[in-house]
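When a residue number appears, it is its place in the shown sequence, counting from 1. Atoms within a ligand are numbered from 1 in the order they appear, just like the ligands themselves. Computed from a prediction, not measured in an experiment: that's the story for all the values here.
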Amino acid sequence: ATLTVDASPQLARKIPDTLFGIFFEEINHAGAGGIWAELVSNRGFEAGGLHTPSNIDPWSIIGDDSSIYVETDRTSCFSRNIIALRMEVLCDNCPTGGVGIYNPGFWGMNIEDGKAYNLVMYVKSPETTDLIVSLTSSDGLQNLASATITVSGESNWTKVEQKLVAKGTNRTSRLQITTNKKGVVWFDQVSLMPEDTYKGHGFRTELISMILDLKPRFLRFPGGCFVEGEWLRNAFRWRESIGPWEERPGHFGDVWHYWTDDGLGYYEFLQLAEDLDAEPIWVFNNGVSHNDEVDTAAIAPFVKDVLDSIEFARGSANSTWGSVRAAMGHPEPFPVKYVAIGNEDCGKKFYRGNYLKFYNAIRQAYPDIQMISNCDGSSTPLDHPADLYDFHVYTDSKTLFNMKSTFDRTSRSGPKAFVSEYAVWRGDAGRGSLLASLAEAAFLTGLEKNSDIVYMASYAPLFVNNNDQTWNPDAIVFNSWQHYGTPSYWMQTLFRESSGAMLHPTTISSSYSGSLAASAITWQDSENSFLRVKVINFGSDAVTLTISTTGLQASINALGSTATVLTSANVMDENSFSNPTKVVPVKSDMSNAAEQMQVTLAPHSFSSFDLALA
Ligand code: AHR
């Protein structure tokens with residue numbers, strides 16, 4: 001088999017700087033109990049709903065009916081999240097250790113020896129009371145850190161702040177608040193954050209470094225179906241997710257079935273994009289959910305709401321909403337240049353009508369903002385104006401492998417494609433198999449080749465907390481303290497240098513061509529230039545391949561050339577917590593790198609040859 005690479009400058013084409021990025025959705029507890037480092041779940045006791053009594057899950061009670069009575073009431077000092085917890089201690093001689101409440105976080109808190117955790121909570125206690133706050137094992141027996149807080153009796157709410165330094169490690173810890181004193185105490189907005197978060201911005205450092213290793217050029221957020229909701233009343237609302245964390249009402253994401261306190265809100269997403277040096281892509285609700293819709297005749301307030309959201313991001317610190325951002329600590333605007341008008345709503349009754357209202361208003365107020373339609377323009381032209389259109393694909397591996405040529409047939413005029421969700425799923429995806437990653441890699445070579453009309457692409461979903469895998473597979477799997485990348489994650493690392501690189505035409509001639517896919521780029525790191533040839537062998541035979549490069553303006557140097565191969569003994573192999581690196585790219589030096597060279601492609605493999613240019 002022969003792979004010809006024509007590297008002549010006149011046939012090279014620059015790949016958009018934006019081509020490969022990430023799509024973050026609040027799904028699988030990716031944010032709450034995920035990259036957002038808050039350890040307390042349901043910190044304001046609002047998750048059970050605003051009626052009383054309300055379910056306080058996952059908070060639980062320490063003590064029995066004779067020693068403690070706990071209920072919710074509507075006496076919070078925070079008007080937008082009015083539920084508070086009222087705890088009445090009934091015992092005169094309380095059990096050793098006291099009675100109280102505990103929160104296990106999201107399937108247990110990861111508390112690590114020597115690390116500091118900042119507790120903030122609001123307390124009201126008519127009588128002076130000693131509260132013991134502690135971090136313990138899940139059964140309460142191992143004490144990792146504790147402090148006694150004396151709350152002086154008064155009828156107002158008091159903000160309490162306490163640093164706890166752990167003197168041991170426990171991956172499934174809980175936060176306890178106990179007392180021995182008879183009387184009544186109210187609690188609200190109880191937060192426990194690790195002191196050490198990425199750039200001090202509240203994100204789990206090790207999960208952010210997984211994203212950084214992808215060098216994403218954009219961050220699409222916050223969903224997905226999460227943006228739409230099953231019902232509009234449960235859709236993500238940016239306005240409710242900004243400002244002081246204590247004053248955010250939180251909401252129940254009814255598509256993925258869990259509560260989020262919205263600590264990871266609109267502002268934090270913009271901050272994350274900045275921290276990643278990625279373009280923020282704000283996907284907003286356009287008045288359409290899975291089950292209900294706002295009639296276009298009544299959409300004006302929703303349009304105004306979105307214009308406000310853009311002002312929040314881009315407005316000067318003196319503007320109405322820019323000043324709110326500035327008060328949150330970011331006087332400089334966040335440069336939002338892309339917005340998506342809804343998610344997967346093209347077929348809905350009011351989508352087009354609503355779309356045009358949003359489109360026209362945003363175009364008028366912010367002529368430079370690129371707008372993304374939900375309607376697929378890859379096979380038929382759109383019937384409405386758009387700068388980009390969304391393209392989502394979840395399918396089996398064979399179909400996705402063959403979809404590498406999907407955009408070959410797309411018209412070169414009109415808006416560009418944003419392949420904002422792609423993945424192999426169901427049947428042969430496993431829980432993130434090598435096979436899935438090979439099909440996805442082949443599909444991405446097709447996107448590189450069609451990057452004159454494919455402007456952006458991102459895998460979905462990005463993250464899964466292993467305790468709540470609503471969607472399978474995902475790129476990065478984690479629990480309270482461990483994480484690993486699936487082969488689909490590692491596959492993406494071999495495309496991270498493609499954005500902004502020069503693409504060169506490739507031709508495969510082989511009896512195996514039906515199971516091979518390839519692309520070639522030139523790219524530079526800080527010191528050297530490389531011709532990168534990527535080849536996917538989707539078949540079960542090893543293939544001897546001659547790679548023949550013509551038209552190069554430089555010569556290929558074996559010194560400094562490498563081959564990186566993603567493969568495994570079995571095509572359905574996966575990574576896991578017990579074997580997180582079973583299927584990862586393996587890099588080796590290439591002593592035979594040259595304009596004409598022969599390589600062996602292992603069965604079911606993805607090879608990336610970086611040929612050093614001298
Ligand atoms: O990525 C998971 C879901 O798939 C997204 O929420 C939605 O956009 C798509 O249907």
Side-chain angles (χ1 to χ4, degrees), residues 20-32 34-35 211 214 216 218-232 234-237 251-258 260 264 269 281-291 293 338-348 351 355 372-376 378 388-396 399-400 403 417-427 429-432 436-437 439-440 443-444 456-466 468-478 485-486 488-489 491-492:
F20 293 122
I22 53 170
F23 164 44
F24 181 93
E25 173 160 26
E26 182 60 90
I27 180 174
N28 304 318
H29 277 87
I35 65 166
I211 305 181
L214 295 176
F218 63 82
L219 168 67
R220 176 181 183 242
F221 70 91
C225 298
F226 179 71
V227 165
E228 304 168 82
E230 285 299 335
W231 299 96
L232 280 170
N234 295 319
F236 177 79
R237 298 284 164 213
H251 80 288
F252 180 69
D254 61 353
V255 178
W256 308 122
H257 311 293
Y258 60 92
T260 158
L264 173 53
F269 280 115
I281 302 182
W282 163 219
V283 187
F284 60 76
N285 182 290
N286 66 315
V288 176
S289 80
H290 287 180
N291 295 299
E293 299 183 45
Y338 304 91
V339 295
I341 304 178
N343 176 67
E344 292 187 344
D345 294 327
C346 182
K348 299 287 174 58
Y351 182 70
Y355 174 93
I372 302 159
S373 165
N374 287 178
C375 300
D376 176 9
S378 65
L388 296 146
Y389 61 86
D390 225 339
F391 184 96
H392 295 180
V393 54
Y394 297 97
T395 187
D396 62 273
T399 306
L400 195 66
M403 281 181 69
F418 178 14
V419 182
S420 70
E421 298 182 31
Y422 72 85
V424 170
W425 77 327
R426 299 211 163 129
R431 284 169 69 92
S437 72
E440 289 153 2
F443 178 64
L444 292 194
M456 296 172 166
S458 44
Y459 179 91
L462 183 60
F463 280 111
V464 60
N465 184 318
N466 197 42
D468 180 30
Q469 187 161 37
T470 312
W471 189 285
N472 171 64
D474 309 276
I476 302 166
V477 185
F478 63 87
T486 60
S488 297
Y489 168 83
M491 169 285 291
Q492 292 176 65

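Annotation for ligand 1: atoms under 4.0 Å from non-hydrogen atoms of Asn343 are 7 (C), 8 (O). Near Gly224, meaning under 4.0 Å from any of its heavy atoms, are these atoms of ligand 1: 5 (C), 6 (O), 8 (O).
Taking a 4.0 Å cut-off on heavy atoms, Pro461 registers as neighbouring ligand 1.
One option in Glu26, Glu25, Glu344, Glu228 has a heavy atom closer to atom 10 (O) of ligand 1 than any other, and that option is Glu344. Taking all heavy atoms of Trp471, Tyr394, Phe23, Trp256 into account, the minimum distance to atom 1 (O) of ligand 1 is reached by Tyr394.
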Full working for side-chain hydrogen bond (donor to acceptor under 3.5 Å, both in side chains) between Trp471 and Glu25: CA-CA 11 Å; Trp471 189 285; Glu25 173 160 26; over 6 Å; no
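Taking any N or O of Ile27, backbone or side chain, none lies under 3.5 Å from an N or O belonging to ligand 1.
With a 4.0 Å heavy-atom cut-off, ligand 1 is reached by no atom of Val255.
Contacts of Tyr258 classified as ring pair (Phe, Tyr, Trp, His ring centres under 6.0 Å), with partners at least two apart in sequence or in another chain: His29.
With hydrogens left out, the protein atom closest to atom 4 (O) of ligand 1 is Glu421 OE1, 3.1 Å, a heavy atom.
Between Phe226 and Phe236, the distance from one ring center to the other falls under 6.0 angstrom.
With no hydrogens or angles considered, a side-chain donor-acceptor pair links Asp474 and Asn28 at under 3.5 Å.
Interatomic distance, Phe24 CZ to Arg220 CZ, rounded to the nearest 0.5 Å: 12.5 Å.
The closest donor-acceptor contact from the side chain of Asn234 to the backbone of Gly229 lies at 3.5 Å or more, if one exists at all.
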